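In what follows, chains are A, B, ... by sequence order, proteins preceding strands, each numbered from 1. Note that the structure is a prediction, hence the values are computed from the model and not measured.
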Amino acid sequence: MTAVRRGLSSGLVQAFLVLIGLIWLTPLGGLFLSSMRSAEDSAKGGWWTALLAPGQLSFDNYAALLENSGMTQAFWNTVLISVPTTVLVVVLAALAGYAFAWLHFPGRDVVFLVVVALLVVPVQIGLLPVAKLFGQLGLFGSIPGVVLFHVAYGLPFAVFLLRNYFAEIPQEMLEAARMDGGTEWRIFRQLVLPVARPALASLAVFQFLWVWNDMLVALLFADSSSQPLTVALQSQTRQFGSNIDVLAPGAFLSLIVPLVVFFAFQRHFVQGVMAGSVK
Amino acid sequence: MTVTLTDDTSRPAPPPASKPRRRGGPRGRAVAVLFALPALLLLGALVVYPVLFSIGRSLFDASGTRFVGADNYTEMFHDPATLKAVRNTVLWVVIAPALLTGLGLILAVLVEKVRWATAFKLLMFMPMAVSFLAAGIIFRLAYDEDPDRGVLNAAVVSVHDAFAGTSPYPTARAREGQGLTQQKDGSYRTGANLSPGDTATLPLVGVLPADLPSGAKPATARPAAPGELRGVAYLDFVPGGGGTQGAIDRGESGLPGMKVEAVRDGRAVASATTAPDGSFALTGLAPGSYALKLPAANFAQPYDGISWLGPTLVTPAIIGAYLWIWTGFAMVLIGAGLSTLPRDALEAARMDGADEWQIFRRITVPLLAPVLTVVFVTLVINVMKVFDLVYIIAPGPVQEDATVLATQMWLVSFGGGNDQGLGSALGVLLLLLVVPAMVFNVRRFRRSQR
């Protein structure tokens, strides 16, 4: 009897979860189908009509998008912003994290507490002052400006994460290396970085996606020639509806890279996001 | 997991005083500074300095020349637009984190019971990889009011129509001057001069031949039997032209499925539905004079669903999109906590005959309380800073109804408001709101170092 009831309730649980899963999948599926339909078809009926009329689907919108130099430029800008940001954040945070974990300088622990406090500072508060600063430095409206801003606001979490990871390296390992006369630079390069590879990977994945998906920072700091995909698409949302054939494939293009990263680095991604959510 | 939000990670690394003294000298210190300097310079110039600058700037007026003290902060709670932003942010903070934590908890517990838990978690976590912009476009599309474009209204309308039915002739109206007059409620009536045994013609126009129901037949007026009131509702239009207004001509179609009522002294005493040829018969009428009425339901506009992105529902609608993104996060984090629960306690409770609900309420939830708190607090911090979703999903005219602190700060500072004093004050308010989280982080870190 209980077995029957167990089976029944587990059936219900499965049905419920399948339903939830379908609901969660629908928005992405809808976007994908929308991205493959012509503007005329989209005006006539919703994307679900394409399920019964697969003839509506084609890659024409994507072909048109690749012809659209504004969009391809924006795609490359996204790459040119996210890759250097990721590299810089990881490198600078690794250096600083090592200093905070294993080197000594006056005020080290107090400074690190300040870094911990900076973890949750919202980027909004930096927009206006940094815009003025970049204006004076000639960085406003350029890719290096966007990158620098992202690096600065990515650092507190990155330093925090790596310092804590480095601090777990057994002291004996480092002392032995130091006894052997290794310089701090060599110890850092040849001992610490290889050991910390999982943390570096999680950080890199998280940081990359964070910047790839950013709109707010680029909205302010990038001009029309340096704007990433998110900003280019955002300007298209003003006439929402008439341009689904541009918006939907554009949005899908902007999320295909994160999805690939997500499925390729599931574990690092989940760990990076979970750790990074303190931001 | 490298650094989690819970306390189990950062091991204290107390450097013993004896050994590394060699590195503590001036040269060692210089090396340390070289390692830390690039990061600290950037943090100082682009994070610490801006915080101080914003605090100072918030005490000055829009142009930045006049010191106004706390005026920008009092204005924040008097200016209707910023007040709206404050209210909406409160709404977000009250609703979204609680819903997400609850949903995450339920799903985390349920998913343990199926074999495809990993696949499900992966699917639910996937939206975390998607930008708010893309999610915004996705949901702007889903919330579209036109049921032919927005999937949500398509679902709502089909459910509504399945239960309430559709009105057959939303565009139809009576031929003017032929006896039918429109009433205030949208219905049409004849004069009260018809008696049982009469036959009435009810001419209507405004229906495209293509919109006629497929079963419609040419209109025919049959004579009434004694005691019944007969009539025909028809489309007073001959395809190709010709015909007489108000008379049934060859080729004119009946209007099937129309409701007709006989009205006496303002009360409907009988009703009928027209046949494929548009004819109807009202029977069982006492002698006397009646009016015929075509109720407004015949002409009702089709139901177009819910105005998701209208002023009232826009914030809940955007919160819905936020749930889509963050539920997986809450579920996976709570699930990680769930897997650390002592199996023995759960098994013992099961042995003692506790049912699943009791175990959930009495054991799982209390033991998970620390994890649930962390999830909740994390979500509160993130919710307070929500920007992109609101900016993208709320259509232009509704922006001001959906506005939150982050979008308002943007609008005031850069989006036409051009009041950098008030904008800075809003930025400082955002910072103040996360100060508790800041203190929490610092405390937790210091505790972990002991």
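Counting heavy-atom pairs under 4.5 Å between each of A:A131, A:A99, A:A248, A:A43 and chain B puts A:A99 at the top. Interface summary for chain B: among A:A152, A:G250, A:P129, the most heavy-atom pairs under 4.5 angstrom belong to A:P129. When B:M124, B:K113, B:K121, B:M384 are compared by the number of non-hydrogen pairs under 4.5 Å with chain A, B:M124 comes out ahead. When each of A:I20, A:L128, A:L92, A:L88 is checked for heavy-atom pairs under 4.5 Å with chain B, A:L128 comes out on top. Of the residues considered (A:W47, A:F149, A:W48), A:W48 shows the highest number of contacts with chain B, using heavy-atom pairs under 4.5 Å. Ranked by heavy-atom pairs shorter than 4.5 Å toward chain B, the options A:L229, A:V116, A:V123 are led by A:V116. Taking A:T237, A:L148, A:L216, A:L209 one by one and counting their heavy-atom pairs under 4.5 Å with chain B, the maximum is reached by A:L216. Chosen from B:R115, B:Q420, B:R57, B:M128, the residue pairing most often with chain A at heavy-atom distances under 4.5 Å is B:Q420.
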Can you list, pair by pair, the side-chain donor-acceptor contacts under 3.5 Å of residues 253-263 of chain A, counting residues two or more places apart and other chains?
unit_1	atom_1	unit_2	atom_2	d
A:S254	OG	A:A251	O	3.0

Review item, side-chain donor-acceptor pairs of residues 427-438 of chain B, under 3.5 Å, at least two apart:
none

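Atom CZ in B:F445 sits 7.5 Å away from atom CG in A:D109 (nearest 0.5 Å). To the nearest 0.5 Å, atoms CD1 (B:I138) and OG1 (A:T26) are separated by 11.0 Å. Here the NE2 atom belonging to A:H104 is positioned 11.0 Å from the CZ atom belonging to B:R29, to the nearest 0.5 angstrom. One distance of note links OG1 of A:T49 with CG of B:D148; it measures 8.5 Å at 0.5 Å rounding. The CD atom of A:Q124 lies 11.0 Å from the OG atom of B:S54; values are rounded to the nearest 0.5 Å. With rounding to the nearest 0.5 Å, the separation of CG in A:L31 from CG in B:L141 is 7.0 Å.
At least one side-chain heavy atom of A:P122 sits less than 4.5 Å from a side-chain heavy atom of B:K385. The shortest distance between side-chain heavy atoms of A:T230 and B:F132 does not fall below 4.5 Å. The shortest distance between side-chain heavy atoms of A:L25 and B:M126 falls below 4.5 Å. Using a 4.5 Å heavy-atom threshold, the side chains of B:F414 and A:L127 count as touching. Looking only at side-chain heavy atoms (C-beta outward), A:L103 and B:V33 stay at 4.5 Å or farther from each other.
Using a 4.5 Å cut-off between heavy atoms, A:L219 touches chain B through backbone and side chain atoms alike. Heavy atoms of A:F16 lying under 4.5 Å from chain B belong exclusively to its side chain. For a residue to count as touching a neighbouring chain, one of its non-hydrogen atoms must lie under 4.5 Å from one of that chain's; by this rule A:K132 touches chain B with the side chain only. Proximity to chain B (any heavy atom under 4.5 Å) is shown, for A:W212, by neither the backbone nor the side chain. Residue contact with chain A, scored on non-hydrogen atoms closer than 4.5 Å, involves the side chain of B:R446 exclusively. For A:P170, no part lies near chain B; criterion is any non-hydrogen pair under 4.5 Å. For chain B, the nearby parts of A:L113 are the backbone and the side chain; heavy atoms of each come within less than 4.5 Å. Only the side chain of B:L133 comes within less than 4.5 Å of a heavy atom of chain A; its backbone N, CA, C and O stay farther away. Contacts between A:Q266 and chain B at a heavy-atom distance below 4.5 Å involve the side chain alone, from C-beta outward. Interface remark: B:M409 contributes side-chain atoms only to the contact with chain A (heavy atom separation under 4.5 Å). Using a 4.5 Å cut-off between heavy atoms, B:L122 touches chain A through backbone and side chain atoms alike. At a 4.5 Å heavy-atom cutoff, the contact between A:S34 and chain B is made by side-chain atoms alone. A:F166 does not touch chain B: none of its heavy atoms, backbone or side chain, sits under 4.5 Å away. With a 4.5 Å cut-off on non-hydrogen atoms, B:P147 touches chain A through its backbone but not through its side chain. Contacts between B:A142 and chain A at a heavy-atom distance below 4.5 Å are absent for every atom of the residue.
Side chain of B:N441 to main chain of A:V120: no donor-acceptor pair is present (N/O by atom type, distance under 3.5 Å, no hydrogens or angles). With A:Y153 contributing its side chain and B:L46 its backbone, the two residues share a donor-acceptor pair below 3.5 Å. A:W24 places no side-chain N or O within donor-acceptor distance of the main-chain N or O of B:L123, the cut-off being under 3.5 Å.
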ask   = A:M215 and B:I392: side-chain contact (heavy atoms from CB on, under 4.5 Å), yes or no, with the steps?
value = CA-CA 10 Å; A:M215 177 182 87; B:I392 298 296; 4.0 Å; yes
message = Between B:V114 and A:L17, is the side-chain contact (heavy atoms from CB on, under 4.5 Å) condition met? List the steps.
response = CA-CA 9 Å; B:V114 297; A:L17 291 180; 4.0 Å; yes
task = Take A:V18 and B:W116, measure what side-chain contact (heavy atoms from CB on, under 4.5 Å) needs, and give me the verdict at the end.
result = CA-CA 10 Å; A:V18 166; B:W116 33 277; 3.8 Å; yes
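Considering every non-hydrogen atom in both B:P50 and A:V130, the closest pair reads CG-CG2, 3.6 Å.
Ring centroids of A:F105 and B:F35 are separated by 6.0 Å or more, keeping the two rings apart.
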